[in-house]
Amino acid sequence: MEMENSEKDISLKEDKALVEALFSKESLMQFNENQQQSNHAFFEQQQASIIKAIGQQKARIIIFRKYGKIAVAASILAIIATSYLYIQASKQSTATVEYVKVEDIPSEEIENYVNANELIAEIDWSTEIDEAAEMFDETTININSNKDTNKRE
Amino acid sequence: MQNDQTLVIEFQQSVQKEGPFTQLLKRHQQRVYYQIKRMLNNHMDADDVAQQVWIKVWNKLDGFKMESEFSTWLFRIAYNETLNFIQKQQKETDFNQTAEKIDYEDAATGSDHPKSTQIQIALDHAVKQLPEKQRFVFMLRYFEALNYEKIAAITGTTVGGVKANYHQAIKKMEQILKQD
């Protein structure tokens, strides 16, 4: 199919003649015909598929426009709700720490805690004693050695 | 019969866009498909790319400012989509070389082109050897008979550049013909 403005283009014939000198005009026409072997039904089918694809795309956009806004609003609400809950929870936890005093803790609870952690307390004590003993030994050894040197002098 | 510009305006202004779009599609569908087919030499690929082109046209037609003719704009989209497709294919596999070889062999045996003669086979082979841009310019100039200004607008180059591309394409085909 030739464009209407092709007639105005003077150099077109010359340009075509350059190719036709290499390959015959018939073979060039044949080449073009080989590429254009699609029938009318194909183009109708292609038209239908293009329109269908566009319809599907439009439907997707409509769904996004309709539910996209709701989804965005819902996620913003969810963020606000979770941050509110988090702030509230942290406020409550600091509040309890502020108002709880040792005197307010019932003695039963303290006893239970001590009983539960008795073994740990014992271990802590024994290590403390051991460390103190080691320190004591080291200082006595140092004192004795100082005395010996003084005597020699 | 409405011209392209009227249909584009109708598309841009109306809510029911299917009507003007279908008219534009019907009017240019075959030329777009054939140009892509000449480039890709494969019906299925050409069909896929042509469909992509029209979907892109649908999506972008609202923003088309009519600084050029609709058909120039349309062929520019087709040119870009075809080049993208070729580049993607080249990246994905080294299939092109093999396919070219097979196609050439098919042409030689005459299985794909029943009316093939020696000169047609040589032409087919020479066209396939051209770089994409030269091939596109050659097809638009020889088979679509477009002027250089329009081809330059489609390919995004200067008129001089397009002329050079066309003549380089012929030179290259001549060399290939001599080699064969």
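Proteins come first, then strands; the chains are lettered A, B, ... in the order of their sequence lines, and each starts at number 1.
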Discussion item. Any side-chain to backbone donor/acceptor pair from B/Gln120 onto A/Gln30? Under 3.5 Å, distance only.
Written reply: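 No.
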Discussion item. Between A/Phe31 and B/Asp124, is there a side-chain heavy-atom distance shorter than 4.5 Å?
Written reply: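 Yes; the side chains approach each other to less than 4.5 Å.
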Worksheet item: Is the closest side-chain heavy-atom distance between A/Phe23 and B/Val127 below 4.5 Å?
Response: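 A side-chain contact under 4.5 Å is absent here.
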Discussion item. Please determine whether side chain to side chain contact (heavy atoms under 4.5 Å, CB included) holds for the pair A/Asp15 and B/Lys163, giving the CA-CA distance in whole Å, both sets of side-chain angles, and the decisive distance to 0.1 Å.
Written reply: CA-CA 10 Å; A/Asp15 283 348; B/Lys163 279 182 183 175; over 6 Å; no
Is it the case that more than 12 heavy atoms not belonging to [X] sit under 6.0 Å from its [atom1] atom?
{"X": "B/Lys56", "atom1": "NZ", "result": "no"}
{"X": "B/Met66", "atom1": "CE", "result": "yes"}
{"X": "B/Gln12", "atom1": "CD", "result": "yes"}

Item to complete: Kindly assign one of parallel, tilted or perpendicular to the pair A/Phe42 and B/Tyr33, based on the angle between their ring planes and the thresholds 30° and 60°.
Response: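 It falls in the tilted class, 30° to 60°.
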Is there a path of hydrophobic side-chain contacts, each under 4.5 Å between heavy atoms of I, L, V, M, F, W or Y residues, that connects [X] with [Y]?
{"X": "A/Val72", "Y": "A/Ile80", "value": "yes"}
{"X": "A/Leu77", "Y": "A/Ile70", "value": "no"}
{"X": "A/Leu18", "Y": "B/Val159", "value": "yes"}
{"X": "B/Trp73", "Y": "B/Ile9", "value": "yes"}

With rounding to the nearest 0.5 angstrom, report the [atom1] to [atom2] distance, [X] to [Y].
{"X": "A/Ile51", "Y": "B/Trp58", "atom1": "CD1", "atom2": "CH2", "answer": "7.0 Å"}
{"X": "A/Asn32", "Y": "B/Tyr34", "atom1": "CG", "atom2": "OH", "answer": "9.0 Å"}
{"X": "A/Ile54", "Y": "B/Thr22", "atom1": "CD1", "atom2": "OG1", "answer": "8.0 Å"}

What are the two closest heavy atoms between [X] and [Y], and how far apart are they?
{"X": "B/Leu123", "Y": "A/Ser27", "result": "CD2-O, 3.6 Å"}
{"X": "A/Leu28", "Y": "B/Phe143", "result": "O-CE2, 3.4 Å"}
{"X": "A/Phe43", "Y": "B/Gln29", "result": "O-NE2, 2.8 Å"}

Heavy-atom distances under 4.5 Å only: say whether [X] touches chain A with side chain, backbone, both or neither.
{"X": "B/Gln52", "value": "neither"}
{"X": "B/Leu25", "value": "side chain"}
{"X": "B/Lys26", "value": "both"}

Worksheet entry | Residue-level contacts of residues 164-171 of chain B with chain A, using a heavy-atom cutoff under 4.5 Å |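 Only B/Tyr166, B/His167, B/Ile170 of residues 164-171 of chain B have a heavy atom under 4.5 Å from chain A.
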